[in-house]
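One-based numbering, in listed order, for ligands and for the atoms of each. The analysis underlying the following values was restricted to heavy atoms, covering all of them including side chains, and did not include hydrogens, waters or symmetry mates.
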Amino acid sequence: MILVTGGLGFIGSHTVVELQQQGHEVLIVDDLSNASLSVLDGITAITKSRPKFLQLDLKDKCGVAQMFSKYPEIKGIIHFAASKAVGESMEKPLQYYENNIVPLINLLYELGKKEKSCLIFSSSCTVYGQAMEMPITEEAPVQKALSPYGNTKQMGEDIITDFAKVSTMDAILLRYFNPIGAHETAYIGELPNGVPQNLIPYITQTAVGKRKELSVFGQDYQTPDGTCIRDYIHVVDLAKAHVKALERLLLKKNIEKVECFNIGTGKGTSVLEIIKTFEKTTGVVLNYKIVERREGDVMEAYASTTKANKMLGWKAELSLEEALNSAWMWEKSLNK
Ligand code: UFG
């Protein structure tokens with residue numbers, strides 16, 4: 001049995017689908033603080049099999065211990081559960097440190113009691129800050145985080161690495177670039193809380209008429225069209241990377257106790273290119289304006305995918321057009 005924390009969230013729910021489709025039994029734990037139970041129905045509609053679900057706040061150490069006693073067959077964890085809004089983390093630093101660190105420690109204590117265990121951790125390309133060289137390899141230095149959110153990802157990586165040294169647990173840190181899109185069935189997708197902070201949900205909400213206008217944050221960067229460049233990866237491809245990483249650990253194919261992989265497409269796309277591609281793929285004209293830069297944005301980030309290709313045997317397969325189209329189908333399904 002694989003424990004998926006935050007399994008009703010955006011990336012978690014897509015990963016549960018891929019796990020089930022590869023024959024893994026899944027237990028989802030989620031506190032529903034930023035997810036809806038209806039996602040369980042979406043997953044079930046796709047896989048025709050309802051995953052086990054437990055509503056639990058992972059900050060509750062006793063609750064976590066009880067869960068592990070009840071399900072001794074848990075052999076691996078994919079840990080998504082975390083708060084994830086960069087801006088909010090600046091306003092509520094303590095909440096972010098508590099939500100993103102305490103659950104991890106509670107889970108590690110339980111893994112430490114097992115004869116053998118493994119963990120996949122949701123990290124982020126944010127650990128690299130503005131990297132000096134593109135594409136970004138896993139060897140690029142980790143830079144001081146610009147937000148408490150980013151800091152919790154770096155701290156999480158360090159905590160896992162330190163614990164792996166003194167336990168039988170093996171781990172893989174997946175550093176995601178920009179996850180976008182939705183399942184092709186449009187049964188699951190991203191459910192942003194309030195006004196979206198990320199580009200793609202803002203675009204789809206503008207296209208559907210929920211928002212008046214998209215703001216493009218800055219056109220004076222030193223990039224070909226002046227807007228920021230990111231590596232946008234389809235969430236289904238990202239979900240598949242988790243299954244590969246998990247199987248690498250379960251089959252003991254890992255070379256080091258803790259390994260890290262960049263998970264992106266290897267291709268950089270600017271904000272204006274995203275807008276153009278969205279318009280072309282969906283036929284919807286977007287209302288947008290150029291505004292000031294957003295504080296904390298790096299100019300450019302895209303992944304070197306060589307290590308993940310070679311060692312995980314994984315590469316992104318879906319196109320940007322497919323990702324944007326699936327996000328649009330999902331948005332329309334929400335507004336039916
Ligand atoms: N953008 C806009 N308008 C918007 C929203 C975003 O122009 O309304 C631009 C941003 O300036 C950026 C690009 O679109 O250039 C992508 O922005 P997102 O907010 O979608 O994604 P980020 O690259 O900022 O976020 C990613 C991860 C976070 C991580 C962060 C830190 O999603 O988890 O990088 O750098 F913390």
Side-chain angles (χ1 to χ4, degrees), residues 6 9-12 34 80 82-90 93 96 100 121-131 134 136 140 142-157 173-181 190 192-207 210-235 238 262-265 267-278 286-303 320 323-324 327:
F10 175 39
I11 308 171
N34 191 21
F80 293 104
S83 301
K84 60 174 182 180
V86 178
E88 186 188 46
S89 80
M90 310 279 231
Y96 268 67
N100 292 5
F121 179 65
S122 298
S123 189
S124 164
C125 66
T126 191
V127 303
Y128 299 117
Q130 178 59 71
M134 294 297 136
I136 304 176
V142 167
Q143 296 198 50
K144 188 172 165 42
L146 294 174
S147 67
Y149 163 78
N151 211 13
T152 63
K153 292 297 170 191
Q154 296 189 3
M155 292 166 73
E157 290 196 355
L173 317 170
L174 295 181
R175 293 174 174 167
Y176 314 153
F177 282 66
N178 290 54
I180 62 166
E190 195 170 1
N193 200 356
V195 182
Q197 306 299 307
N198 296 110
L199 181 62
I200 307 306
Y202 209 103
I203 286 180
T204 57
Q205 289 197 6
T206 307
K210 256 197 231 168
R211 311 273 156 213
K212 255 176 60 198
E213 190 174 45
L214 167 74
S215 295
V216 173
F217 299 136
Q219 199 183 12
D220 56 351
Y221 287 95
Q222 286 187 339
T223 58
D225 66 21
T227 63
C228 291
I229 291 175
R230 296 286 184 275
D231 184 336
Y232 295 92
I233 172 156
H234 198 304
V235 66
L238 175 58
N262 286 344
I263 303 296
T265 65
K267 196 169 157 276
T269 308
S270 75
V271 178
L272 289 180
E273 284 171 336
I274 289 284
I275 293 173
K276 266 188 244 150
T277 311
F278 181 84
L286 273 177
N287 195 14
Y288 72 90
K289 64 166 184 230
I290 310 288
V291 301
E292 290 291 290
R293 289 182 180 196
R294 178 171 73 178
E295 206 189 324
D297 273 342
V298 297
M299 177 176 78
E300 185 175 41
Y302 56 94
L320 181 62
L324 292 174

Return a yes/no value: protein heavy atom under 4.0 Å from atom 27 (C) of ligand 1?
->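 Looking at atom 27 (C) of ligand 1, one finds that no protein heavy atom lies closer than 4.0 Å.
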
Determine if the distance from atom 3 (N) of ligand 1 to the closest protein heavy atom is below 4.0 Å.
->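 It does; a protein heavy atom is within 4.0 Å.
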
Between [X] (side chain) and [Y] (backbone), is there a donor-acceptor pair under 3.5 Å?
X      : Y      : result
Asn100 : Ala82  : no
Thr265 : Lys267 : yes
Gln143 : Gln130 : yes
Asp231 : Ala303 : yes
Arg293 : Asp220 : yes
Asn287 : Thr206 : no

Check: [X] N/O within less than 3.5 Å of ligand 1 N/O:
X      : value
Ile200 : no
Tyr149 : yes
Ser215 : yes

One residue to check: [X]. Relative to ligand 1, which of side chain, backbone, both or neither has a non-hydrogen atom less than 4.0 Å away?
X      : result
Asp297 : side chain
Tyr176 : neither
Val86  : side chain
Gln197 : backbone

Just how far is it from atom OG1 of Thr227 to atom CD of Gln219, taken to the nearest 0.5 Å?
->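 Atom-to-atom, Thr227:OG1 and Gln219:CD are 6.5 Å apart.
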
Nearest non-hydrogen protein atom, [atom]:
atom                    : result
atom 22 (P) of ligand 1 : Asn178 ND2, 3.6 Å
atom 20 (O) of ligand 1 : Leu199 N, 2.8 Å
atom 24 (O) of ligand 1 : Arg294 NH2, 2.9 Å
atom 31 (C) of ligand 1 : Thr126 OG1, 3.2 Å
atom 15 (O) of ligand 1 : Cys228 CB, 3.0 Å
atom 12 (C) of ligand 1 : Arg230 NH2, 3.9 Å
atom 18 (P) of ligand 1 : Asn198 ND2, 3.4 Å

Do the ring planes of Tyr149 and Tyr96 sit parallel (below 30°), tilted (30 to 60°) or perpendicular (above 60°)?
->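 The rings of Tyr149 and Tyr96 stand perpendicular, inter-plane angle above 60°.
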
Salt bridge between Arg230 and Glu300, side-chain N to carboxylate O under 4.0 Å?
->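 Salt bridge flag = no for Glu300 with Arg230.
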
Does even one non-hydrogen atom of Val271 get within less than 4.0 Å of ligand 1?
->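 Heavy atoms of Val271 do come under 4.0 Å of ligand 1.
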
Non-hydrogen atoms of Tyr232 versus ligand 1: any pair closer than 4.0 Å?
->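 Yes, that is the case, since the closest heavy atom of the residue is under 4.0 Å from the ligand.
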
What are the atoms of ligand 1, with element, lying closer than 4.0 Å to any heavy atom of Val216?
->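 Those atoms are 7 (O).
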
Closest candidate by heavy atom, reference atom 1 (N) of ligand 1, pool Tyr221, Phe217, Phe177 |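 The option holding the nearest heavy atom is Phe217.
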
Stepwise side chain to side chain contact (heavy atoms under 4.5 Å, CB included) test for Tyr221 and Ile229 | CA-CA 9 Å; Tyr221 287 95; Ile229 291 175; over 6 Å; no

Report yes or no: is the cationic atom of Lys153 (NZ for Lys, CZ for Arg) closer than 6.0 Å to the six-membered ring centre of Tyr176, at no more than 45° off its axis?
->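 No.
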
Just do the side chain to side chain contact (heavy atoms under 4.5 Å, CB included) check on Leu173 and Val127 with the steps written out, would you?
-> CA-CA 12 Å; Leu173 317 170; Val127 303; over 6 Å; no

